[in-house]
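The block underneath contains the structure these notes are about, expressed in structure tokens.
These numbers come from the heavy atoms of this one structure, side chains and all, not from hydrogens, waters or symmetry mates. Throughout, protein chains are lettered first and strands after them, A, B, ... in sequence-line order, and every chain is numbered starting at 1. Predicted model, so just to flag it, every value in this text is computed and none were measured.
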Number of protein chains: 2
Amino acid sequence: MKSEKSKEILKFPKATFERLKQYHALLTQLEIEQKQRYILSEEIAEMLKITPEQVRKDFSYLKTSGKPKVGYNISELLAELDELFGIKANDNIIIVGAGNLGSALANYKGFQNIGARVVAIFDKDQEKVGKMVGELMVLPLKDIPRVVRRFHVRTVAICVPEDAAQQVADLLVAYGIKAIWNFSTRILDVPNDVIVQNEDITRGLLSIKHMLAESEKRKYENSEV
Amino acid sequence: MKSEKSKEILKFPKATFERLKQYHALLTQLEIEQKQRYILSEEIAEMLKITPEQVRKDFSYLKTSGKPKVGYNISELLAELDELFGIKANDNIIIVGAGNLGSALANYKGFQNIGARVVAIFDKDQEKVGKMVGELMVLPLKDIPRVVRRFHVRTVAICVPEDAAQQVADLLVAYGIKAIWNFSTRILDVPNDVIVQNEDITRGLLSIKHMLAESEKRKYENSEV
DNA sequence: AGAATAACGTGATATTATTCACAACATACT
DNA sequence: AGTATGTTGTGAATAATATCACGTTATTCT
Ligand SMILES: NC(=O)c1ccc[n+]([C@@H]2O[C@H](COP(=O)([O-])OP(=O)(O)OC[C@H]3O[C@@H](n4cnc5c(N)ncnc54)[C@H](O)[C@@H]3O)[C@@H](O)[C@H]2O)c1
Ligand SMILES: NC(=O)c1ccc[n+]([C@@H]2O[C@H](COP(=O)([O-])OP(=O)(O)OC[C@H]3O[C@@H](n4cnc5c(N)ncnc54)[C@H](O)[C@@H]3O)[C@@H](O)[C@H]2O)c1
């Protein structure tokens, strides 16, 4: 029974995919800690502030299954998620904009843990070209096509000032880039077949501000009633 | 009619809130460009890759309304969103961890646009304490309570290495911090009344990897059939 | 070994979010 | 002024997601 599950391409709801990334982060840290070999849906739920039913439902889309009274095998689950996210297969990426944020990304050692490697960083500013950022030398924009071809780069992190973001995106699209990791706060206009992942950090603060305002309001209401 | 809408606290679906942040970013850039005074739901939808109906439904939760054949007044809509996110009211925030990412955040000029100001940056490393990061001098951790009290800090950005993130969070909770902006990849364990906003950048790359794999698959399938 | 227990897996149900469909209405045109 | 047009605003219908409820099963206890 359930023979389709073996080789079938796993399909799951979008909402589940978002949580799979969280489970992956959590399981990674549990694997590092080595404190336990199994984990209950209840425990995962508590850490991620969701319900155990949600956790079990999400895992029901995976091959890995849990044992009653014991829980899920951390290594097994993590291995399946690693596989699902394609972490074993390395992706070469490049960064455009060697400023504060671009340099931080270039120095970041954690990309290898998720199957990515920064192979080059570019800047328009002649002052910066030739300087080292971590282990990479800053290259001029004209070298982008060469590096993209040589290293089969599909993904680019855009770390340039707001008002340059769109023109850099246009350039990258012209160079055949498949995915843009957009760290600017701008909404980019690109063809539909180009993937855009917005990483506008400031939006997180807007959420915090809103939640703080909500909790203030609740406190006020409680003291009123 | 609809008298409740005037002073009533606006309530909207969580999914709508997420999009309101996108509308805010988009309208901000349109306001800067000054190319047009009005925008149609159709245009917004195209830029954000959603449907015009979705845009109108979302805006139906706001006080601002559009005009048939003309669209929404950009300034008016942006003003309402600014108000809703509490952008006029400044929030003082601090950063813990003056490394690559913490320094990038400390140097970031855009926080004032969303009603936030970085008032201090802290590090455990004695080598870093006393050094300047942008216009701020790096302070030792013991100064956190004083700064938090003096500047009414409710929000802290955690930019320390993975394995220090939880202990820093514990410290901050003990100091009465209300919201944690977590830039580490770790899932933090904090009391329920403390807000945690995870800004794990690496998750964005996992999404990109997944979407790239999907689009590769589609291409393959199309050439097959 | 058999019974009791606690957690999993999942179909059924409830909730939330999106899309549809169309009346209402501002503008442009004749 | 009256008519045509195109877009808004929103209930109703549909779709997606989360929760519930409970049968199943691995483990522990007697
Ligand atoms: N620094 C942060 O913490 C932070 C936070 C949120 C968002 N952002 C966004 O990230 C982006 C980068 O921020 P930053 O703080 O690193 O800025 P930055 O000014 O430090 O760096 C920008 C770099 O881009 C280069 N550049 C300018 N135009 C270019 C072009 N056309 N092509 C290539 N390179 C070009 C500049 O020479 C500079 O080195 C901005 O859009 C910013 O809004 C940054
Ligand atoms: N740099 C990036 O682009 C990037 C990307 C994704 C995630 N992150 C995450 O952000 C965090 C910071 O990254 P980074 O690249 O800035 O690291 P980093 O090593 O450059 O900086 C970390 C800083 O924290 C300080 N520190 C260490 N322990 C501390 C403690 N207990 N209290 C206070 N300060 C302490 C260190 O002295 C150092 O200055 C990490 O968790 C990292 O995984 C960074």
Between [N] ([atom2]) and [X] ([atom1]): distance, integer Å:
X: K67(B); N: dT5(D); atom1: NZ; atom2: C1'; value: 17 Å
X: L77(A); N: dC8(C); atom1: CG; atom2: P; value: 12 Å
X: N73(B); N: dT7(D); atom1: CG; atom2: P; value: 18 Å
X: D58(A); N: dT10(C); atom1: CG; atom2: C1'; value: 13 Å
X: F59(A); N: dA7(C); atom1: CZ; atom2: P; value: 16 Å
X: L62(A); N: dG9(C); atom1: CG; atom2: P; value: 10 Å

Would you check if the side chain of [X] reaches a backbone N or O of [Y] as a donor-acceptor pair within less than 3.5 Å?
X: K209(A); Y: A89(B); answer: yes
X: K69(B); Y: K67(B); answer: no
X: E43(B); Y: L40(B); answer: yes

(request) Take the C1' atoms of the five end pairs on each side of the helix from dA1(C)-dT30(D) to dT30(C)-dA1(D), derive the two axes, and give their angle rounded to 10 degrees. (result) 10°
Is it true that atom [atom1] of [X] has more than 12 heavy atoms of other residues, nucleotides or ligands lying nearer than 6.0 Å?
X: E31(A); atom1: CD; answer: yes
X: E46(A); atom1: CD; answer: no
X: E162(A); atom1: CD; answer: yes

(request) Establish, with yes or no, whether the OP1 or OP2 oxygen of dA26(C) is under 4.0 angstrom from a side-chain nitrogen or oxygen of Y72(B). (result) no
(message) Taking only side-chain N and O atoms of R19(A), does any of them lie within less than 4.0 angstrom of OP1 or OP2 on dA18(D)?
(response) yes
(request) Map A15(A) and V70(B) onto DNA chain D by nearest heavy atom, then report which one ends up closer to the 5' terminus. (result)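 Between the two, 5'-proximity favours V70(B).
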Examine the side chains of [X] and [Y] and answer whether a donor and an acceptor come within less than 3.5 Å of each other.
X: K21(A); Y: S207(B); result: yes
X: K49(A); Y: N192(B); result: yes
X: T16(A); Y: D58(A); result: yes

(message) Suppose the criterion is ring pair (Phe, Tyr, Trp, His ring centres under 6.0 Å): which pairs have a residue in residues 25-44 of chain B, not counting sequence neighbours?
(response)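 Found none.
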(request) Would you jot down, in residue-number order, the residues of residues 33-43 of chain A having a non-hydrogen atom under 4.0 Å from DNA chain D? (result) none
Between protein and nucleic acid, restricted to nucleotides 28-30 of chain D and to nitrogen or oxygen atoms under 3.5 Å apart, what atom pairs and distances do you find?
none

(message) Quick check for you: among dA7(C), dG11(C), dA26(C), whose closest atom lies nearest to any side-chain atom of K57(A)?
(response)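 Closest nucleotide among those given: dG11(C).
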(request) Please determine, for the side chain of P68(B), which listed nucleotide (dT7(D), dT27(D), dT25(D)) has the closest atom? (result)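 Side chain of P68(B) sits closest to dT7(D).
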(message) Is there a side-chain contact between I144(A) and V96(A) in this structure, where contact means two heavy atoms from C-beta onward sitting under 4.5 Å apart?
(response) yes
(message) Using a strict threshold of under 4.0 Å (side-chain N to carboxylate O), is an ion pair present between R154(B) and D91(B)?
(response)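 Salt bridge between D91(B) and R154(B), a charged N being under 4.0 Å from a carboxylate O: yes.
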(message) List the residues meeting side chain to side chain donor-acceptor pair (under 3.5 Å) with Q22(B), not counting sequence neighbours, and say none if there are none.
(response) none
(request) Verify whether the ring centers belonging to H210(B) and F85(A) lie closer than 6.0 Å. (result)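 No.
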(message) At a heavy-atom distance below 4.0 Å, what parts of residues 44-56 of chain A sit against DNA chain C?
(response) R56(A)
(request) May I ask you to say what T16(A) touches in the nucleic acid, namely base, sugar-phosphate or nothing, with a heavy-atom cut-off under 4.0 Å? (result)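 Since no nucleic acid heavy atom lies under 4.0 Å of T16(A), the category is nothing.
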